[in-house]
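Read the structure below first, then the notes.
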Number of protein chains: 2
Amino acid sequence: MDNTTIHDTERKILEAARKVFIAKGMHGARMQEIADEAGINKALLHYYFRSKDKLFQAIFRETFQELMPKAMGIFTTEGTFEDKLRLFVSNYIDTINKNHFLPVFVFNEINQNPEMLTEFVDALKPLQQVMAAELQKKVASGEYSAINPVQFFSNVMAMTLFPFLAKPLLTNAFAMSEEQFNAFVDERKVLIPEIMLTYLKTVK
Amino acid sequence: MDNTTIHDTERKILEAARKVFIAKGMHGARMQEIADEAGINKALLHYYFRSKDKLFQAIFRETFQELMPKAMGIFTTEGTFEDKLRLFVSNYIDTINKNHFLPVFVFNEINQNPEMLTEFVDALKPLQQVMAAELQKKVASGEYSAINPVQFFSNVMAMTLFPFLAKPLLTNAFAMSEEQFNAFVDERKVLIPEIMLTYLKTVK
DNA sequence: GTCTATATTGTGATAGAC
DNA sequence: GTCTATCACAATATAGAC
């Protein structure tokens, strides 16, 4: 069995830990609950991962990567900037839609322990840079008005992630069913690019 | 001493608890740390508030209200919709700017315990309604294109709150100093209304 | 009201048999 | 590798003196 193979038990632990940590956070999670969820006992958790902290690090690492949008592919293929932006937002919404808890989990843990970020410091930069480069071309050609690329990037991310961060608030305040929430989020695949592109093409 | 007066000790406890809970969350916070922060001992915490949970509820209640924007005032005064929107975003940014941790704290706790919301179920509705009513007038007069008011509201909230939710990520990834972050946020007081108003006035 | 001391339970972690 | 049993300590909560 080579070192790329993950034991079945290890995989079960990781899946269980992921589920519990994301739902309860680092401090809210209990090793007992993770063990139960994995169908094993606590001792085995410590056998595979030395401590709760080590186990959490493993989960956080993979979860953080998951939240970081995979935009490089999209923005390096052929197509107009408009199409790429639409595809990016649509794909990103679909990704997060598979796990609504991801954004709030990651943002919360980062806020409580920003030192963790040193490991991932470069995770956002390439994405923002490739988006910024595309944007710059359009600005240079006079098609778009100038905008701070970090502002642009932040707005796209903000509008894309917000419904998931505020899901309980939105569904509660506006009495949305699960279906209505999904429709609401789906509508944004068109709306978000439309808002940002309208701004780029209109102002100045 | 009437029942509206809060004892000095009780106030000290609330301030300390607020600070610790917002920084560490419900599960990360320790009663000992709150007692230290307040300059008293643990027993007194239990004397004033029966349990950690009760103390947390008190803090969460006041903090949640604080995050809910005070827009009624703004949107019921004289002035154009444009001006009101600009004032709203500007004021809201200033409010949150006083405590960056507020949004992530509230969103995280709500996600981990959505039942808490039953108590606040109506907190967002009036704000959104007053905004929606203003919006509707402009749509009816043909000045603005139609938009789902909840989408509009979500986008304004999303863009306003996002920098605070993602602060460690942004400052880290884009190597922002505290001053640069403040300038970045400040720039958004103009940018966010501009983006949304451009959309309303242009599309369709 | 405020303190010290203590009870009680929860929880991460380890020992050691199999 | 996996389990049961247990340790050690952290953390909430209470008793009781002042």
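Protein chains get the first letters and strands the later ones, always in sequence-line order, with residue 1 at the start of each. Keep in mind that the numbers below use all heavy atoms, side chains included, and drop hydrogens, waters and symmetry copies. Keep in mind it's a predicted model, so treat the numbers as computed, not measured.
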Whole angstrom value for the distance that separates [atom2] of [N] from [atom1] of [X]:
| X | N | atom1 | atom2 | value |
| --- | --- | --- | --- | --- |
| B:His27 | D:dA11 | NE2 | P | 14 Å |
| B:Phe21 | D:dT12 | CZ | C1' | 12 Å |
| B:Arg11 | C:dG1 | CZ | P | 14 Å |
| B:Phe56 | D:dA11 | CZ | P | 18 Å |
| A:Leu45 | C:dT11 | CG | C1' | 13 Å |
| A:Leu55 | C:dA13 | CG | C1' | 13 Å |
| A:Lys54 | C:dG12 | NZ | C1' | 14 Å |
| B:Gln32 | C:dC3 | CD | P | 12 Å |

*B:Asn108 and B:Gln112: side chain donor to acceptor below 3.5 Å*: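 Yes, a side-chain donor-acceptor pair sits under 3.5 Å.
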*Under 3.5 Å side-chain donor-acceptor pair for A:Gln151 and A:Asn155*: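 Judged by distance alone, the side chains do not pair up.
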*Measure the CD1-CD distance between A:Ile22 and A:Glu66 for me, rounded to the nearest 0.5 Å.*
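If we round to the nearest 0.5 Å, A:Ile22:CD1 and A:Glu66:CD are 7.0 Å apart.
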Looking at [X], does any N or O in its side chain come under 4.0 Å of the phosphate oxygens OP1/OP2 on [N]?
| X | N | value |
| --- | --- | --- |
| A:Thr9 | D:dT2 | yes |
| A:Arg30 | C:dG12 | yes |
| B:Asn41 | C:dC3 | yes |
| A:His46 | C:dA13 | yes |
| B:Ser51 | D:dT12 | no |

Given [options], the nucleotide with the shortest approach to the side chain of [X]:
| X | options | value |
| --- | --- | --- |
| B:Leu44 | D:dT12, C:dC3, C:dA13 | C:dC3 |
| A:Tyr47 | C:dA13, D:dT12, D:dG1 | D:dG1 |
| B:Tyr48 | D:dA13, D:dC3, C:dG1 | C:dG1 |
| B:Met31 | C:dA13, D:dT4, D:dA13 | D:dA13 |
| B:Lys42 | D:dA13, D:dT14, D:dC3 | D:dA13 |

*Determine the contact category for A:Ala35: base if any of its heavy atoms lies under 4.0 Å from a base atom, sugar-phosphate if only primed atoms, P, OP1 or OP2 are that close, otherwise nothing.*
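No contact.
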*Which part of the nucleic acid, if any, lies within reach of A:Ile40 when heavy atoms closer than 4.0 Å are counted: base, sugar-phosphate only, or nothing?*
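A:Ile40: backbone/sugar contact only, no base atoms under 4.0 Å.
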*Determine, for A:Tyr144 and A:Lys138, whether the Lys NZ or Arg CZ falls below 6.0 Å from the six-membered ring centre while staying within 45 degrees of the axis.*
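Yes, A:Lys138 lies over the aromatic ring of A:Tyr144.
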*Kindly indicate whether a cation-pi arrangement holds for B:Lys167 with B:Phe181, taking the cut-offs as under 6.0 Å to the six-membered ring centre and within 45° of the axis.*
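Verdict for B:Phe181: a cation-pi partner in B:Lys167.
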